[in-house]
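Just below is one structure, and these are the notes that go with it.
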2 protein chains.
Amino acid sequence: MPPERNRRRIPDATVSRLPVYLRILGEQADEGVDSISSERLAELAGVNAAKVRKDLSYLGSYGTRGVGYEVGYLVYQIRRELGLTHDWPVVIVGAGNLGQALAGYGGFGERGFPVAGVVDVDPAKVGTVLGGVRVRHIDELPQIVQTKRVNIGVVATPPHAAQDAAERLVAAGVTSILNFAPVVLAVPRAIEVRKVDLAVELQILSYHEQRKASLHAVPGAGAGAVSRPASA
Amino acid sequence: MPPERNRRRIPDATVSRLPVYLRILGEQADEGVDSISSERLAELAGVNAAKVRKDLSYLGSYGTRGVGYEVGYLVYQIRRELGLTHDWPVVIVGAGNLGQALAGYGGFGERGFPVAGVVDVDPAKVGTVLGGVRVRHIDELPQIVQTKRVNIGVVATPPHAAQDAAERLVAAGVTSILNFAPVVLAVPRAIEVRKVDLAVELQILSYHEQRKASLHAVPGAGAGAVSRPASA
DNA sequence: CGGGCTTTGTGAACGTGTGCACGAATGCCT
DNA sequence: AGGCATTCGTGCACACGTTCACAAAGCCCG
C-alpha cells in the first residue's frame, strides 16, 4: 500500500522554468494585464503552450477554461511554491572580481536574496566595503550564517579555494550552494549545489560554431525565417 | 536512400559535460597523470562511470580496454570536437557592473575567448578602459565584429536593453549569444543562445530550501553520509 | 603462450521530459 | 436557454537521457 510518497513533487525541468514564468507574469501585471492564456505565456517564455499548461498543472488547477489564468493569483501561487514568500539571505565567499560584482549588483536584494555578508580569507580585503556591505574574515562565517539565518551560500573564489569555501559553508550550516568556481564541489548528499560556469557556456557555444563551420555547404540551412524566442 | 544525416551528432547533454571532462583532464595532465580510467574520471567529474564512457564513445573509440584513456590524446580529441583548436574572440555589449567584471576577468582570454571589444550605448562610458580594452560606442559593433571575425556575442546589459543588444549583434553577423540579462531573447532560429540567470538559479535553490523546510520530520533524511560530488 | 584480471564499448531496460490531440469546462452571444 | 467559440487539463506516444550489465579486447604474469 503506497499511500502517498511526498505531497507533490515537481519535476526539475518544471522547477527551472517557473522562475521564468514568474518574471514574465510580474512584467505583465505591471502592464495592467490581469488574465493570460497559456499560449500567450508560452510565446513570451519561448516554450510550447502545452508545456506551460503541464508545468502550471503541477501547482494545482489554477486556470479557468475558456479564459486563461489570473495573473495576480498565478504570481502568488508560483511564489509560494518556490518559497519566495519570504527573503532568503545569502552569504558570499570571496571578495575578488566576481564577489565584488555580485555584492555590488543590486538585483540580489530586490529579488528577495539580500546579501547577509561577504567574507574572504585575505586580511587585506577584510574591512573594505562592497555594495554597502563590509567584507569580513572567513572565520566569522559561522557567526554570520547563524545570526542571519542564512541557508544559501555563494562560492565566488578562485578555483583552488572553492572546495575549502564549500566545506566551510556546509560546516557553518548552509544547505544550498551556488558555485561560480570552475570546479566540481564534493559536498554531502543533502546539500543542493548549482553551478554557473562561464567557460563551460562559452565552450558549448564554441562547439556549435565549430559545427556550423564544418557543415558549410548544407542545403536546408537557410538562416532566414522569422525571429523566434530561444530556449534556455 | 538515407545515407548519413550528419556525420556524428553529439547529444546536448554530452556536449555540456565535455568541457568539464576537459578541465579535469587538463589538471590531471599538469599533475603528471597520463592515463585515466572512466571510473576515476567519473569520480572527479561527479558523474556515473558508464556515462563517461558513453560520452567519450561519441568522439570515437579512444580508450584502451584493460587500461583506460590516454590523457593527452583525450584532451586533444575533446578540444578538437569542441572547436577549441583556435581562439574565438567575443564582443561584450554593456559596460555596466557585469560587463566590467567580465572584461576584467582574465580567465576569458586564457581559455581561448579573448575579448575583442566592449561596447555600450552610453557616451559617458565610451572611452573608459576595462581590463585592457577601451569601451567603444555600440554603433561600432558591426566594424568590430567584422574586422576581428567575432562569432560570439555577450549580452551584459540591463533587461530592457537586452533585446536591442541581441538584434544588433545578429545584424552585425554574430551567430552565438551568451545572455546574462534576465530576458527571453527573440532571435532567428540559426542563432545559438545560452542563458545565464542568477535570479533563476537562486530561485531554484529557494524551492529546494522551502521543500526541506516543509518536510521537517522525515525519517530517512539523515544528512550524514560521506561527501560526494554534486551534479551540475 | 595461456589464463586471469582489468577496463572499455554498447545493447537493452528504465526513467524523465516533450508535444500532440482531444475531452471537459467555462464564458459569451443570440 | 441553448449553441458556439475558447482554453484548460491530461492521457498517450515518442524522443532523449541515464544506468545496468556483459561481451570483447587488451595487459600482465607465471
Open item on the list: Reading DNA chain C from 5' to 3', where do the contacts with chain A start and stop? Cut-off is 4.0 Å to heavy atoms.
Closed with: dG17(C) to dG27(C)
Task: salt bridge (Lys or Arg N to Asp or Glu O under 4.0 Å): pairs with one or both residues in residues 154-167 of chain B, sequence neighbours excluded - done: D164(B)-R168(B)
Open item on the list: Classify Y58(B) by what it touches in the nucleic acid, base, sugar-phosphate, or nothing, heavy-atom distance under 4.0 Å.
Closed with: nothing
TODO: List in chain and number order the residues that pass side chain to side chain contact (heavy atoms under 4.5 Å, CB included) with A49(B), two or more places apart in sequence or in another chain; answer none if no residue qualifies.
DONE: S38(B), A42(B), R53(B)
- [ ] With DNA chain D as reference, determine whether G63(A) or G66(A) sits nearer its 5' end, using the nearest nucleotide of each.
- [x] G66(A)
TODO: Check V193(B) against N179(B) and note the closest heavy-atom contact, atom names and distance.
DONE: CG1-CB, 4.5 Å
- [ ] Hey, which sits more toward the 5' end of DNA chain C by its nearest nucleotide, T64(B) or T64(A)?
- [x] T64(B)
- [ ] For P89(B), check side chain to side chain contact (heavy atoms under 4.5 Å, CB included) against everything at least two apart and list the hits.
- [x] P114(B), A116(B), V150(B)
Open item on the list: I need the residues from residues 11-18 of chain B with at least one non-hydrogen atom less than 4.0 Å from DNA chain C; give them sorted by number, or say none.
Closed with: none
Task: Nearest atoms (heavy-atom pairs only) where A156(A) meets I92(A) - done: CB-CG2, 4.3 Å
TODO: Would you kindly compare K54(A) and V67(A) by the position of their nearest DNA chain D nucleotide and give the one closer to the 5′ end?
DONE: V67(A)
Open item on the list: Contact list please: residues 68-76 of chain A against DNA chain D, heavy atoms, distance less than 4.0 Å, in numerical order.
Closed with: G68(A), Y69(A)
- [ ] Sort and list the pairs that fulfil salt bridge (Lys or Arg N to Asp or Glu O under 4.0 Å) and have at least one residue in residues 16-36 of chain B, not counting sequence neighbours.
- [x] R17(B)-D55(B), R23(B)-E27(B)
Task: Qualifying residues under side chain to side chain contact (heavy atoms under 4.5 Å, CB included), relative to L198(A), sequence neighbours excluded - done: L102(B), F108(B), F180(B)
Got a list of side-chain donor-acceptor pairs under 3.5 Å for residues 61-68 of chain A, not counting sequence neighbours?
from	atom 1	to	atom 2	distance (Å)
Y62(A)	OH	L59(A)	O	3.2
Y62(A)	OH	Q77(A)	OE1	3.3

Task: Range on DNA chain D touched by chain A - first to last nucleotide, heavy-atom distance under 4.0 Å - done: dT6(D) to dC12(D)
Open item on the list: Can you give me the closest heavy-atom contact between E201(A) and V196(B), atom names plus distance?
Closed with: CG-CG2, 4.0 Å
Open item on the list: Determine whether a donor-acceptor pair (N or O, by modelled atom type, separation under 3.5 Å) exists between the side chain of K212(A) and the backbone of T175(B).
Closed with: yes
Task: Any pair counted as salt bridge (Lys or Arg N to Asp or Glu O under 4.0 Å), so long as it reaches residues 170-184 of chain A, sequence neighbours left out - done: none
Task: For S206(A), all residues meeting side chain to side chain contact (heavy atoms under 4.5 Å, CB included), sequence neighbours excluded - done: L84(B), W88(B), F113(B)
- [ ] Apply the test side-chain hydrogen bond (donor to acceptor under 3.5 Å, both in side chains) to residues E70(A) and S35(A): give CA-CA distance (whole Å), side-chain angles for both, the deciding distance (0.1 Å), then the verdict.
- [x] CA-CA 5 Å; E70(A) 207 242 296; S35(A) 177; over 6 Å; no
